[in-house]
Amino acid sequence: MARLPASPTQRIDPSRPIRFRYWGGEAEGVAGDTVASALYAAGVRVFSRSLKYHRPRGLYGLDGESANTFVAIDGVPNEAAETTLLRPGMAIAAQNVRGSPERDLYGILDRFDGLMPAGFYYRLFHRPARLWPFFQERLRAMAGVGVLQPSGSRERPGRFERYLNAEVAVVGGGPAGMAAALAAAEGGGRVCLFERRLHLGGHLDWRTRLVDGQPLHRRATELAARVAACPNIRVFTHAPVTGVWGENLVTGFLICPEGGIAREYHYECRARSVVVASGCTERPLVFEHNDRPGVMPATTAWRLAASYGVLPGRRAVFAGGDDSSLEAAIELAGYGVEVAAVADARAEGHDPELVAAIGEAGIRFLPGWTAGAARGTNRVTGVELRRIDGGRAEELRCDLLLANAGLQSLIGPLSTLKAQLGYCTRTGMFQPTRLPERAFVAGSMLGLRDVAAIEASGRLAGLEAAAAAGWDAESQIREARDAVRNAPGPAAGCFLACAPGIGRGAKAFVDFDEDGSYKNVVESAQQGFDVPELAKRFGGFGLGPGQYHVPGQNLAMIMAALAGTPLDQLSGTTVRPPLVPPRLATLAGPGLAVHKETPLHDAQAALGAIFRNAGAWHRARYFSTDLSCREEIRNVRANVGVLDSSPLGKFRIYGPDAQKALQRVYVSDMSKTKPGRCKYSAMCNDTGNLMDDGVVVEIGPGDYYFTTSSARAGATVEWFRYHTRHDGWEYQLVNLTDTLGSLNLAGPNARKVLAKITDADLSNAAFPYMGYREIVVGDGVPVRCLRLGFVGELSYELHAPSSYCGYLWDLIMAAGAEFGIRPFGLEAQSCLRAEKGHVIIGTESEQRVTLTDIGMGFLWDSKDTASKKVGAPALRHASGQTDRLKLVGLRIDQAERRPEDGDIVIDGTEVVGYLCTTRMSETLGWQYGLALITDRHAPEGGTVQIYSNPRGTPSVTHGTVVAPHFYDPEGARLRA
Amino acid sequence: MAMLRDYLRPTRLWAPAPIKPHYQVVIIGGGIHGLATAYFLAKTHGIRDVAVLERHYIGFGGSGRNTAIVRANQRTAASVRLYDEGLKLWPVLVDELDFNLMFFNSGNLNLAHSEAAVAAFRMAIGTANFLGIRSELLDPLQCRELIPALDISDRPEHPIQAGMYHPPGGTLRHDAVVWALAKGAAAHGVHIHQGVEVTGIDTDGGRVTGVQTNRGALQCRQLGIMAGGYGTALCTLIGLELPVHPLTIQAMVTQPLKPFLNHVVSSGAYHVYATQTLKGEIATGAHMDPQVNYTTDPTARYFKHQAEALTDFMPVLKDVKFMRTWAGLADMTPDMAPIMDANVGFDGLYLDVGWGYFGFKAGPIAGKYLAEMIARDQIPEIISPFGLGRFLENRYAGETAGAMKYGHWDS
Amino acid sequence: MTFMLTCPICGRRELHEFLCGGQERGPRPPQEGLSAEAHFRYAQFRSIPPAPQPEWWYHGQGCGVWFKATRNPATNREERPGG
């Protein structure tokens with residue numbers, strides 16, 4: 001279809017055609033088109049089929065108000081045609097269609113709507129119960145809208161997101177929003193202005209009406225130019241706001257122009273103050289067949305003509321409730337549409353200037369009339385106009401029916417902001433009755449229609465917002481208040497709940513997305529769902545993709561009318577974020593990346609390490625594809641292995657009260673630390689659960705170096721300070737975990753390897769088990785060396801500055817070559833320590849067991865009450881209890897299928913515990929297990945049954961309870 | 001024909017009743033728990049002099065805000081027994097209440113991303129199987145056979161190592177459960193009072209005697225606090241301290257799509273559970289606020305997090321759009337098991353709190369036993385592991401393995 | 001709902017920088033003669049009215065200080081002197 005002649009309001013460039021595909025055929029739009037305007041220009045009227053009845057649906061709003069115009073674009077479902085810019089080569093398809101949009105096989109469902117009263121599915125298909133799964137699958141197939149293609153584009157729209165700070169954020173770039181931004185910017189603070197559409201200007205953008213001798217669209221351009229010139233206003237267009245959250249956090253996404261930094265990106269703006277100027281939209285008129293293609297808000301047709309140069313129809317009938325419809329009628333007549341009649345639900349109160357203009361244009365004006373029913377199926381072909389009092393009716397032919405029941409405010413941002421809203425009996429709209437701190441409202445959403453009044457209210461809100469953010473603007477505010485007072489106030493609204501005489505209104509739609517009709521509202525109320533929030537859930541009003549936009553205020557008004565509730569007590573439904581649906585990829589932005597790499601990551605990767613996530617880290621878990629790690633284990637036991645233990649928590653605590661802090665959080669008597677010695681101890685929580693273990697070394701007077709488990713490294717500072725927060729103690733605590741890397745050199749040859757690279761005396765006498773030495777390794781690397789034995793062999797833990805760790809690793813590997821050194825990973829370590837009976841927190845401990853239950857009670861200094869040790873009261877209490885889980889060792893019988901970690905322990909019909917860790921040990925020659933089982937079954941020598949059934953065939957294996965120290969119970973090898 | 005007429009001209013599911021000054025039993029909370037308890041009190045135990053008081057409208061709280069997932073593959077045998085009976089109760093209720101609760105028996109797939117999580121699965125699977133409940137361990141390929149949208153490669157931040165598949169689970173329509181129970185309770189004579197807010201609890205000599213409300217005082221002999229996350233606030237009215245922390249938990253849905261996710265999928269590492277509703281939306285749940293509060297306000301942060309998490313392990317969702325987010329309250333206990341107890345602090349006071357985010361799954365079955373507890377004034381064996389006293393004895397139920405940090409719920 | 005909290009050292013910051021340590025319940029009671037019940041009540045039993053309560057917060061993504069703030073669970077906002 002040829003476009004209308006060029007006009008100053010057009011936002012298209014007809015000289016730049018854009019070719020695309022629709023429903024298998026070729027079509028052409030022009031630069032500046034949205035998918036919707038291009039399709040409409042190409043003659044498409046039926047865009048989709050509705051959810052329940054498969055009724056034909058056409059273009060409704062131009063801002064994504066409903067699912068009517070959802071299309072699939074290049075395989076991506078549920079794209080809003082009205083807000084998606086046309087790009088060359090797009091392949092566009094209609095949705096929820098069987099056959100074609102115009103001839104749909106399921107269209108017959110529309111005849112059976114009478115059999116589908118509100119909530120019908122709750123009362124059908126469930127008897128007999130065995131039939132339900134069949135119906136369920138049919139319902140599932142009928143429901144949904146778009147089809148997700150596994151092979152869809154699925155590209156991230158760009159790994160980018162933007163975080164902004166501002167004194168004032170303004171939501172809405174119409175005249176009020178622009179005036180607010182300009183006023184707020186006078187204070188010098190940072191202002192961010194967010195507009196969902198491609199251009200600033202709001203409803204002025206397409207209006208040619210002269211005000212003070214100037215067309216309104218030019219006024220918009222002028223304001224936009226001033227905004228653009230203001231250095232402290234940042235303008236974000238095509239940037240819908242998804243919500244205004246607590247304390248004025250404005251979030252949204254920005255759709256970038258072609259060649260931008262990303263396709264779309266997520267933004268968040270933390271603002272001191274916020275101005276909401278989101279404007280109004282037409283309130284849908286609820287009348288019979290109000291969903292027919294060609295029935296649309298007046299603004300849609302107006303914008304099609306003015307902005308996109310598309311003639312929306314040949315013969316239009318208006319049925320409005322606001323002066324903007326009168327203005328639209330005059331404008332559309334000017335664009336060449338034949339206007340058959342302008343009905344207006346208001347009997348009086350029209351703008352006399354517009355009424356006169358309508359008369360001059362020879363258009364029939366019918367005040368006190370509205371639309372009662374639309375004619376036609378795939379296109380509207382006519383309308384039955386009715387008098388508001390139901391007195392008379394008249395049929396008119398048309399191919400465009402522009403209907404509304406006046407305006408409603410776009411309350412979304414206010415609702416997410418938690419403003420209190422009430423129905424205003426003058427404007428006929430929900431309006432804020434109480435605003436949260438530092439939030440302000442301006443513009444047409446306050447009921448203002450006069451452009452000067454709208455700008456004045458914007459200016460006032462902008463000044464107040466800046467003042468709330470700290471600018472002294474008292475005198476300016478006073479002047480702005482006077483200006484608002486002197487400008488025309490809110491206009492009287494339209495109070496029509498729905499068209500007269502629609503009776504049970506089978507096909508008068510309150511909600512398009514889920515085919516929620518007036519009849520369904522009545523039925524919901526009849527079944528007891530008589531407030532909007534309940535009806536919304538029962539009948540599904542406002543739960544579809546358009547959310548509150550179409551049913552919002554109408555649902556509340558109709559329910560109030562049915563219940564006889566006075567309008568001033570009207571309550572709506574909650575509008576929930578997002579106000580505009582964001583794409584998950586856009587919201588995700590750069591995505592998750594939460595794991596750290598150790599300084600030895602690359603060195604290990606080069607040796608074939610297989611990494612796994614472990615807490616905050618990527619750690620080497622295996623060094624071969626043999627996940628039982630036989631070779632790694634054997635080599636530690638027979639020769640020597642090296643483990644990257646860098647994530648180990650490493651801390652320094654010092655100060656006059658450092659020891660008191662240690663006494664509080666550790667269960668042992670920490671006054672017994674000695675220089676050069678590692679003191680092993682544990683930390684508990686208030687219920688006596690093991691939280692952490694590690695060693696503490698005194699490195700000077702009131703100065704200690706200590707280690708924690710890797711998992712607790714991030715929480716240790718917090719833990720110490722929490723448990724001493726009331727005490728006012730003086731100590732400093734430094735987290736050295738990332739500063740120092742760590743290698744564990746373990747195995748009978750460990751001393752020989754280390755001796756090759758240090759001059760320090762490593763003899764047993766000079767550096768015994770549990771000793772601590774600060775030594776120099778290689779070319780002068782300072783190393784804190786701890787002689788420990790977590791894996792049950794002679795071992796040295798070497799803590800060195802992270803940047804030296806790579807060098808240290810190479811040195812050790814070279815020195816160890818002749819002694820058969822190999823790296824080992826976390827899995828081998830776990831097996832080695834389990835053979836030794838050393839616990840791993842969270843593996844052999846859980847919330848039902850205390851320190852005593854897992855055999856570590858010996859660490860607790862039970863006599864100390866003065867230090868108020870964390871966990872001591874719980875340990876004291878539990879020591880007298882029976883019927884608790886205990887940690888035991890198991891020697892597990894040979895079985896065809898070996899029990900695995902997590903298998904449960906049973907007795908008769910009772911579950912009495914579970915296996916924490918179990919492995920077939922080559923070292924021992926049998927399968928050991930560490931298990932938590934009830935104390936009744938815990939005595940050594942007893943037999944237990946292990947039940948496992950991971951894949952459907954149960955088996956029971958027997959085990960004998962033994963001490964949980966399977967390997968070298970005397971600890972001779974550690975001390976060797 | 002009469003049937004068809006009834007079908008086409010439905011009548012009220014439950015009739016409003018005038019508020020009486022005295023009831024034998026008053027239940028605070030018109031959610032699934034309160035309504036189910038009232039229903040079973042009236043139907044099974046013949047106690048019809050029951051009022052259910054609801055501050056807003058029935059199902060306003062957690063009952064209407066959860067993601068309606070049901071399952072019986074918990075960590076401990078005590079819980080599995082209760083939840084399993086709960087699963088078996090749904091079809092009975094559908095029939096008894098003559099209401100389609102839309103039980104979608106999709107089965108639940110829980111993902112493990114570490115060896116430790118796999119071990120935890122074996123424990124839960126062993127426990128379920130030992131009690132005769134289907135549950136099995138799947139490898140990543142089998143997981144993808146169930147849910148082709150899963151990325152089982154090494155690319156995701158948390159690669160998938162295994163799955164726990166639990167065929168008996170699925171989802172229901174949560175609101176329908178509320179309405180059906182209201183219908184059933186009212187049919188047996190229970191009074192359901194909406195818009196009635198309890199502002200005080202009256203006691204006399206160690207006994208509960210009634211409640212004060214915005215609509216006047218009501219006397220009762222027995223009082224049940226079954227108000228979900230608001231239970232802790234109600235208990236403050238009589239100075240009752242609890243190891244329960246109400247936290248806001250967030251959920252959201254995408255725009256509707258044709259069926260492609262045929263099972264409930266969840267992952268602890270990603271803090272995600274997701275299902276495709278019968279209407280085609282992906283309903284997915286998320287984090288809890290870390291601080292106690294009674295608001296039901298969603299946060300921008302968790303909204304964003306959910307997109308990050310979902311698209312990381314189900315990249316096919318990248319082009320899908322979120323349509324709505326909301327939040328409800330989860331009343332967390334340190335061991336993630338509920339508290340059901342009788343005569344707590346005061347004779348005649350019955351407590352049903354601390355369900356955390358599992359209140360929906362066991363709603364009706366809890367109601368059945370709570371009704372028995374109130375009717376007989378003794379605690380039924382199956383719910384006896386869930387008494388308040390366990391927290392004074394340091395005997396946690398073990399529904400989570402994690403040890404608590406600072407006394408409030410902070411795992 | 002997203003809110004902001006005032007760190008005594010760093011000033012107003014986003015909530016996600018902080019970790020909540022729960023209600024203030026005073027220093028640990030003396031352990032000499034402390035009953036198990038009294039201990040467990042101190043450690044985990046709480047009364048949470050929908051009214052402002054003193055709490056402990058930790059500025060984990062910041063300076064690492066524990067501090068007391070007053071916040072209302074009914075509104076989920078910090079109560080600041082002078083708003």
Side-chain angles (χ1 to χ4, degrees), chain A residues 76-78 117 121-122 125-126 129 136 139-140 143-148 150 152 154 245 249 251 527-528 531 534 537 545 576-578 581-585 587-588 591-592 594 613 685-687 689 691 846-848 874 877-878 900-904 906 911 914 947-952 954, chain B residues 7-8 10 12-14 57 77 91 94 99-100 104 114 119-120 122-123 125-127 129-130 136-137 148 157-158 175-176 255-260 278-280 298 300 304 307-308 310-312 315-326 335 394 396 398 401-407:
Chain A
V76 177
N78 295 353
Y121 28 81
Y122 298 125
F125 310 131
H126 60 294
Q136 167 196 297
L139 283 179
R140 288 183 74 208
V145 177
V147 179
L148 192 62
R154 303 207 310 277
W245 316 69
L249 179 72
T251 63
Q527 291 175 75
V531 292
L534 276 176
R537 286 161 174 76
R576 301 187 186 281
R583 205 179 295 276
L584 264 61
L587 199 53
L592 291 171
V594 296
N613 300 331
N685 64 1
D686 272 320
T687 38
N689 306 119
M691 295 301 279
E846 63 142 278
Q847 65 161 222
R848 284 177 294 182
H877 173 68
E900 292 179 272
D901 295 0
D903 282 347
I904 59 169
I906 56 165
V911 179
Y914 63 97
Y947 174 93
S948 50
N949 188 16
R951 290 172 210 275
Chain B
Y7 169 74
L8 293 176
R12 284 193 78 94
L13 285 180
W14 70 94
Y57 51 84
V94 168
F99 209 86
N100 190 347
F104 177 20
S114 69
R122 277 201 204 89
M123 178 181 173
I125 289 166
T127 304
N129 290 170
F130 185 61
E136 60 182 307
L137 195 66
E157 191 63 25
H158 305 284
D175 287 330
Q255 293 179 340
L257 296 154
K258 293 290 179 192
F260 78 97
L278 296 187
K279 287 205 304 197
K304 184 172 193 311
E308 291 169 354
L310 280 171
T311 55
D312 202 41
V316 71
L317 290 175
K318 281 180 188 170
D319 280 323
V320 175
K321 300 182 193 88
F322 274 140
M323 176 169 88
R324 181 171 66 249
T325 183
W326 67 93
D335 60 5
N394 202 13
Y396 279 12
M404 68 165 193
K405 266 160 77 180
Y406 300 128

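Note that the structure is a prediction, hence the values are computed from the model and not measured. These values consider heavy atoms only, across backbone and side chains, with no hydrogens, waters or symmetry-generated copies. A, B, ... follow the sequence lines: proteins, then strands. Residue 1 opens every chain.
When heavy atoms are compared at a cutoff of 4.5 Å, Asp901(A) approaches chain B by way of both its backbone and its side chain. The contact between Tyr947(A) and chain B is made entirely by side chain atoms (from C-beta outward), counting heavy-atom distances below 4.5 Å. Both the backbone and the side chain of Asn394(B) come within less than 4.5 Å of a heavy atom in chain A. For a residue to count as touching a neighbouring chain, one of its non-hydrogen atoms must lie under 4.5 Å from one of that chain's; by this rule Phe322(B) touches chain A with backbone and side chain alike. Of the atoms belonging to Thr251(A), it is side-chain heavy atoms, and not backbone ones, that fall under 4.5 Å from chain B. Residue contact with chain A, scored on non-hydrogen atoms closer than 4.5 Å, is absent for Pro91(B). Only the side chain of Tyr914(A) comes within contact range of chain B, with at least one heavy atom under 4.5 Å from a heavy atom of that chain. When heavy atoms are compared at a cutoff of 4.5 Å, Ala77(B) approaches chain A solely by way of its side chain, counted from C-beta outward. For a residue to count as touching a neighbouring chain, one of its non-hydrogen atoms must lie under 4.5 Å from one of that chain's; by this rule Leu310(B) touches chain A with the side chain only.
In terms of modelled atom types and a separation under 3.5 Å, the side chain of Asn78(A) and the main chain of Leu257(B) share no donor-acceptor contact. At least one donor-acceptor pair under 3.5 Å links the side chain of Asn685(A) to the backbone N or O of Met404(B). The closest donor-acceptor contact from the side chain of Lys279(B) to the backbone of Gly144(A) lies at 3.5 Å or more, if one exists at all.
Of all the listed residues (Val147(A), Ile904(A), Asn613(A)), the one sharing the greatest number of non-hydrogen pairs under 4.5 Å with chain B is Ile904(A). For the set Ala129(A), Pro545(A), Pro77(A), the count of heavy-atom pairs under 4.5 angstrom toward chain B peaks at Pro545(A). Counting heavy-atom pairs under 4.5 Å between each of Val320(B), Asp175(B), Val94(B) and chain A puts Val320(B) at the top. Contact count against chain B (heavy-atom pairs under 4.5 Å) is highest for Leu534(A) among Val531(A), Leu139(A), Leu534(A). Per-residue heavy-atom pair counts under 4.5 Å with chain B were compared for Ala878(A), Ala874(A), Ala143(A), and the maximum is reached by Ala143(A).
A distance of 10.5 Å separates CD1 in Ile906(A) from OG1 in Thr127(B), rounded to the nearest 0.5 Å. Taking CG of Leu587(A) as the reference point, atom NZ of Lys318(B) lies at 14.0 Å (rounded to 0.5 Å). Atoms CZ and CG, on Arg122(B) and Asn949(A) in that order, are 12.0 Å from each other to the nearest 0.5 Å. Rounded to the nearest 0.5 Å, atoms CZ (Arg583(A)) and CD (Gln255(B)) are 9.5 Å apart. Note: Asp903(A) CG to Ile125(B) CD1 = 9.5 Å, rounded to the nearest 0.5 Å.
Contact detail for Gln847(A) and Asp335(B): the closest heavy-atom pair is OE1-CB, 2.9 Å. Of all heavy-atom pairs between Ala588(A) and Lys304(B), the closest is O-NZ, 3.3 Å.
In this structure, Trp245(A) and Pro298(B) have side chains that are in contact, with non-hydrogen atoms separated by less than 4.5 Å.
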